[in-house]
Protein chains: 2
Amino acid sequence: MAMSSERYSQTPLFVRAEVVIFTILGDRLGLLLGKRGRPPDRGRWALPGGFVPIDEDLESSALRKLRENTVASGVYLEQLYTFGSPDRDPRGRVISVAYYALIPADPAKQTSGHGQGRDAGWFTIDGLPELALDHADIVAKARRRLVSKLDYSTIALQLLPKTFTLRELQDVYEILLGAPLDKRNFRKWVIAMAQLEETGGERRDGPHRPAKLYRHRFPGQVAFFR
Amino acid sequence: MAMSSERYSQTPLFVRAEVVIFTILGDRLGLLLGKRGRPPDRGRWALPGGFVPIDEDLESSALRKLRENTVASGVYLEQLYTFGSPDRDPRGRVISVAYYALIPADPAKQTSGHGQGRDAGWFTIDGLPELALDHADIVAKARRRLVSKLDYSTIALQLLPKTFTLRELQDVYEILLGAPLDKRNFRKWVIAMAQLEETGGERRDGPHRPAKLYRHRFPGQVAFFR
DNA sequence: CCAAAAGTGTTCACCGTACACCCATGA
DNA sequence: TCATGGGTGTACGGTGAACACTTTTGG
């Protein structure tokens, strides 16, 4: 049986789940990192993650990591890619099944830098510290995946509360795409594409005209086309 | 350390690579299966795959399985998804990193049914036998992925030889999409989209006008947009 | 009344789609 | 000459892109 290669090696085999937890931090895309407390790369910042218990489902494991690190619930979580180069982790053969999650923007964590204490914090994606192991590759891949889904899915809604203004939604797109969008064209397009409807309420902030609030017509679902 | 869960369990942990090897069989999408020679699901048809040796890269392992089962070289191979439900395999905790591969159509295997002997063979995707374990899920996911890439990539070219006629390429699209396409519109679209150029040669088969041969302008690359 | 953000329509270019006939070949 | 598949163009509607002014509010 092909398992026999195990017998000729003392290299231990592990499976981990790592989660790229994205959110909107002010006017930037942000993600959550934790500081490693032990080797390898002790003291470096790393993605939330952990070894998958032998009887726990991969996605459950990722979800648990998500919950251990945030207060979010009902959050978007998607498997991203599995990283398994033999030499990516000095502890042995470590297979990391990477996920990414989207957390609604929350003014509470808009304080850039670190928002959760000395060994965990939110960082903006263009101001990341050097990451442990190959976590920079994981982050890059997650970011590409997220951006590529913008124009044929409603995934961006997962980065906002259940109700939001069109300006807020446009901000999310502009942050992710890194380019400004035309307000009128964006509104026409996104209302139709994402099936948005007005809630009737409005948001007033500052000495401005209040903005209408919108919601997804089918809340709880992420619509995809293609 | 979270590895400790290992100590409290005698369930063995394995990592496997499985490969969905697609090709064109006549006028159908086909894939390669092997008959399992041992439990679990002994005697059932299953995807080519195997346990990943402790020092072999995941993709190398998938590529090796591909080469063990076909004579193809320079073949498209892409990681698909990782399947890891705790109860998906009775041998223990088995994490299967699934890949899919595309093999150019080859008249030699156009004999439907089984083309490689009693315990390996090509099957058309709509005439699959009952598959071992959760391999039907893997196949379904691979098929969706392949089809979804048709209209923003040149991936379909990987199912044809280096030179091909536009009719052959249209056949591939129609087989995968399950719907007929307009010949004139398809040609205009695909020549521009996939950057095709005439080779100068032509293919003559039967009492018909010979068809021009085309090739990808940048051979060896799979162009993606978005 | 002023500053600041919300909200709104039209025009144009391009692209995807529908659609039918002639051409080249070997038998 | 005939059967078979190869090859080609045009008209139309819809969609993405460019573009500027009025409205509403709190201070």
Side-chain angles (χ1 to χ4, degrees), chain A residues 26-27 105 107 147-154 156 160-161 163-215 223 225-226, chain B residues 24 26-27 105 107 148 150-154 156 160-161 163-175 177-215 223 225-226:
Chain A
D27 61 350
V147 171
S148 76
K149 289 203 164 181
L150 282 183
D151 60 340
Y152 63 97
S153 82
T154 60
L160 289 175
T163 67
F164 48 86
T165 68
L166 293 181
R167 180 71 242 178
E168 289 167 338
L169 184 54
Q170 185 175 342
D171 285 340
V172 170
Y173 273 83
E174 291 180 339
I175 289 167
L176 290 170
L177 295 171
L181 299 172
D182 179 85
K183 183 166 50 159
R184 284 165 293 186
N185 293 334
F186 176 76
R187 286 170 181 230
K188 266 181 298 185
W189 173 79
V190 82
I191 288 170
M193 199 275 300
Q195 310 217 74
L196 302 184
E197 62 183 4
E198 300 184 17
T199 66
E202 46 183 39
R203 168 160 306 161
R204 16 179 38 90
D205 44 9
H208 319 305
R209 175 172 175 175
K212 290 180 188 158
L213 288 171
Y214 286 77
R215 73 165 84 87
F225 319 104
R226 168 180 356 252
Chain B
I24 298 293
D27 62 350
S148 77
L150 282 183
D151 62 338
Y152 63 95
S153 82
T154 61
L160 288 175
T163 67
F164 48 87
T165 68
L166 293 181
R167 180 72 241 178
E168 290 168 336
L169 184 53
Q170 185 175 341
D171 285 340
V172 171
Y173 272 84
E174 290 179 340
I175 289 168
L177 295 170
L181 298 172
D182 179 85
K183 184 165 50 160
R184 284 166 292 187
N185 294 335
F186 177 76
R187 285 168 182 233
K188 265 181 301 184
W189 173 78
V190 82
I191 289 171
M193 199 274 302
Q195 310 217 73
L196 302 184
E197 61 182 5
E198 300 184 17
T199 66
E202 42 182 43
R203 168 161 306 163
R204 12 177 43 88
D205 45 6
H208 319 305
R209 174 173 177 178
K212 290 179 190 161
L213 289 171
Y214 286 77
R215 73 164 82 87
F225 318 104
R226 172 179 356 263

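Lettering of chains follows the sequences in order, A, B, ..., and the numbering in each one begins at 1. Everything numeric in this text was worked out from a predicted model, so none of it was measured. Below, each value reflects all heavy atoms present in this structure, side chains not excepted, and no hydrogens, waters or symmetry copies.
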Whole-Å gap separating [atom2] ([N]) and [atom1] ([X]):
{"X": "Lys183(A)", "N": "dC19(D)", "atom1": "NZ", "atom2": "P", "result": "16 Å"}
{"X": "Leu181(A)", "N": "dC19(D)", "atom1": "CG", "atom2": "P", "result": "15 Å"}
{"X": "Glu168(B)", "N": "dG6(D)", "atom1": "CD", "atom2": "C1'", "result": "12 Å"}
{"X": "Asn185(A)", "N": "dA17(D)", "atom1": "CG", "atom2": "P", "result": "7 Å"}
{"X": "Arg187(A)", "N": "dA17(D)", "atom1": "CZ", "atom2": "P", "result": "17 Å"}
{"X": "Arg184(B)", "N": "dC12(D)", "atom1": "CZ", "atom2": "P", "result": "15 Å"}

Exactly one of Thr165(B), Asp171(B), Leu169(B) should register a side chain to side chain contact (heavy atoms under 4.5 Å, CB included) with Leu160(B). Which one does?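 Single pass found, and it is Leu169(B).
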Identified side chain to side chain contact (heavy atoms under 4.5 Å, CB included) partner of Val172(B) from the options Leu150(B), Ile24(B), Leu177(B):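 With Val172(B) as partner, Leu150(B), Ile24(B), Leu177(B) yield a single side chain to side chain contact (heavy atoms under 4.5 Å, CB included), made by Ile24(B).
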Which two nucleotides bound the region of DNA chain C that has atoms under 4.0 Å from heavy atoms of chain B, read 5' to 3'?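 Extent of the interface on DNA chain C: dT17(C) to dG26(C).
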Say whether, by atom type as modelled, one donor and one acceptor occur between the side chain of Tyr214(B) and the main chain of Leu166(B) under 3.5 angstrom.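 Such a contact is absent between Tyr214(B) side chain and Leu166(B) backbone.
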Under a 3.5 Å distance rule, please check whether Thr154(A) uses its side chain to pair with a backbone N or O of Ala194(A) as donor and acceptor.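 Absent.
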Test of understanding: with salt bridge (charged side-chain N to carboxylate O under 4.0 Å, His left out), list the residues that count as partners of Glu174(B), not counting sequence neighbours.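 For Glu174(B) the salt bridge (charged side-chain N to carboxylate O under 4.0 Å, His left out) partners, ignoring immediate neighbours, are Arg167(B).
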Would you indicate, yes or no, if dT4(D) has its OP1 or OP2 atom less than 4.0 angstrom from a side-chain nitrogen or oxygen of Arg209(B)?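 For Arg209(B), the contact criterion (side-chain N or O under 4.0 Å from OP1 or OP2 of dT4(D)) is not met.
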N/O (side chain, Lys212(B)) to phosphate O (OP1/OP2, dT8(D)) under 4.0 Å: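 Yes.
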Mapping Asp182(A) and Ala211(A) onto DNA chain C by nearest heavy atom, which one lands closer to the 5' end?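 It is Ala211(A) whose nearest nucleotide is closer to the 5' end.
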For Arg204(B), all residues meeting side-chain hydrogen bond (donor to acceptor under 3.5 Å, both in side chains), sequence neighbours excluded: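 With sequence neighbours excluded, Arg204(B) shows a side-chain hydrogen bond (donor to acceptor under 3.5 Å, both in side chains) to Glu202(B), given in chain and number order.
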May I ask you to test the Leu196(A)-Phe164(A) pair for a side-chain heavy-atom distance under 4.5 Å?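 In contact.
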Upstream residue (5' side of DNA chain D) when Lys188(B) and Pro210(B) are each assigned their closest nucleotide: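 It is Pro210(B) whose nearest nucleotide is closer to the 5' end.
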Taking the nucleotide of DNA chain D with the closest heavy atom to each, which residue, Leu213(B) or Glu202(A), is nearer the 5' end?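 The answer here is Leu213(B).
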